[in-house]
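Reading through the structure tokens given below for one structure.
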Amino acid sequence: MKNLILSFIILISTPGMGQSQTFQNGMVVSAHPKASEASIEILKKGGNAMDAAVSVQFVLSVSLPIAGNIGGGGFLVYRSADGNYDALDYRETAPLKASRDMYLDNSGNPVGQLSLYGHLACGVPGTVAGMAEAHNKYGKLSWQEVIQPAITLAENGFELTAAQASELNSNYQKFLKWNPEGTAFTQKNDWKEGDLLVQTELAQTLKLIQKHGSKGFYEGVTAQYIVNEMSKNNGLISLEDLKNYKAIWRKPIVGEYKNYKIISMPPPSSGGIALISLFHSVEDYPLHQYGFQQDKSVQLMVEAQRRIYADRAVHFGDPDFHNVPIEMLLNKENSMKRMKDFSFEQATPSTAVSAGNYSHPESFETTHYNVVDKEGNAVSVTTTLNGAFGSFVVVENAGFLLNNEMDDFSIKPGEPNLYGLTGGEANAIQPGKRMLSSMTPTIVEKDGKLFLVIGTPGGSTIITTVFQTILNLIEFNQNIEEAVAAPRFHHQWLPDEVFVEKGAVPQQVRERLNQKGYKFVSKSPWGWVDGSWGRVDAILINEDGSLSGGADPRGDDTIEAY
Ligand code: DON
């Protein structure tokens, strides 16, 4: 019965598609139907995967205001049809006027929710610079053409989904608090499914970007609107911050698991390294034999997660400011050594686990949606405002939301952030520095050929969600829809709890593992009781080269293909 319900949910969320449909030419999987629809058209008219990806990012800034953005940032991983890799970091930076203790009072305690809401929470946005870089290096169609669908949608409006109407209604007060003059997202009466959301100011901003490229955002009128918004409300972002912002091409993190190659995001995201370390930690155990969410598989995966999140809290930060011991963390021997004190008899308490000692100095290395085009180029992008609707600040006259990414810094050693993650020196605030991320846009090869393009939102749970979804496919014999939909669990070292989604880890398994010292809690790390986390979107490349999609039934995620 449960499977039936699951299949039904999957079918209604991927309009027109049966479970086993495959496609020959191209596919887009994104978190909103309008974005998937617009960019499949870009592919059909001869654009490549990067054109379509840039187009998705801009359409999501209109159709998915909760997370899609031009006022945030993200990471992009690319694999060309001939097997070259690239990674683009368009993460936000701390404004030049930011300082280490900016969220603490005189006694050193965090003040209210300054890093979470309002103008002080905003990092310098990276998205527009990122998209300009991505398009400039790899795009084929004109910049004007790939941005046009977003402009049309902002001008004409689009119909809200039921989930979107309810998200806007439940956040009405917060919008009003930070934008007393009103915004396109607020109206007196409740929003209903099917209501038209028109964003005229955003359309104007997008037109400036269309006309002037990155300068249409970081200089001129838009930059001035951002700075006006900041100076009226004690925010820190200046014209200089905007003019200086640069997206950075970095060397992707590449690691191996059996006959698979994992290509993912380097720091300032912790995602790629943590993901590969998780794979290294479990590779020598017969996971397939243990089975999906059975005692030994859950235990093994939880213990691996506990250890890498301890490392994350200490060793990870912006590589341009902090020496991240990348090679040590990616060394399989090291991951296995960390698993040595693990026993199937008893949980390792998190108090007994601290970050690995990787003091060996290393040189500085200036290091989600998916698209696959008909040549076989693949793009995997995770982008965010951080929390839902970011800082809730909508730039007056410019119509877009600014991020609250500053909360991803460690605002005080040991102080948990929105996702319960802690950190220290490596991720302390410094002017111009990028805050540590968990975003894990990933591409997987099997026997040297493109196999999977995958990623998800979900704060601290991103890494473990990508990890589990890949294992579901390659160790637990699930198809792509099952792998994406399967309920998940998560451990992040601190607090010492195994977070479980509804339906994850059978009750008997939980009871037996409980005897061994594992504490299961039915909530997300940010406290949503019996909630769900992640919206995994994935494209699987079958043996015959055809494409199958997985769109997470937890959201409005949609597959478009031809
Ligand atoms: O960069 C990060 O790790 C977070 N800002 C990601 C936020 C996120 O995934 C929100 N989605 N649930």
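Any value given below was found using the heavy atoms of this structure, including those in side chains, with hydrogens, waters and symmetry copies removed. Atoms within each ligand, like the ligands themselves, are counted from 1 in listed order.
Between Y117 and F392, the two ring planes are tilted [angle within 30° to 60°].
A salt bridge links D496 and R306; the closest N-O separation between the charged side-chain nitrogens and carboxylate oxygens is under 4.0 Å. A salt bridge links R91 and D408; the closest N-O separation between the charged side-chain nitrogens and carboxylate oxygens is under 4.0 Å.
Counting the atoms of ligand 1 from 1 in the order shown, those under 4.0 Å from a heavy atom of Y419 are 7 (C), 8 (C), 10 (C). Each of the atoms 9 (O) of ligand 1 lies under 4.0 Å from some heavy atom of I462.
Any N or O atom pair closer than 3.5 Å counts here, and E405 shares at least one such pair with ligand 1. For ligand 1, the polar-atom distance check finds an N/O of D408 within less than 3.5 Å of one of the ligand's N/O atoms.
If you run salt bridge (Lys or Arg N to Asp or Glu O under 4.0 Å) between R554 and each of D552, D556, D557, only D552 comes through.
Proximity of a side-chain donor or acceptor of E193 to a complementary backbone N or O of S166 within less than 3.5 Å is not detected.
Comparing heavy-atom distances from atom 6 (C) of ligand 1 across S438, G458, G459 singles out G459 as nearest.
T383 and Q57 share a donor-acceptor pair across their side chains, judged by distance under 3.5 Å alone.
Annotation: atom 1 (O) of ligand 1 to nearest protein heavy atom, S437 OG, 2.7 Å.
By the criterion of a heavy-atom distance under 4.0 Å, the side chain of R91, and not its backbone, is placed next to ligand 1.
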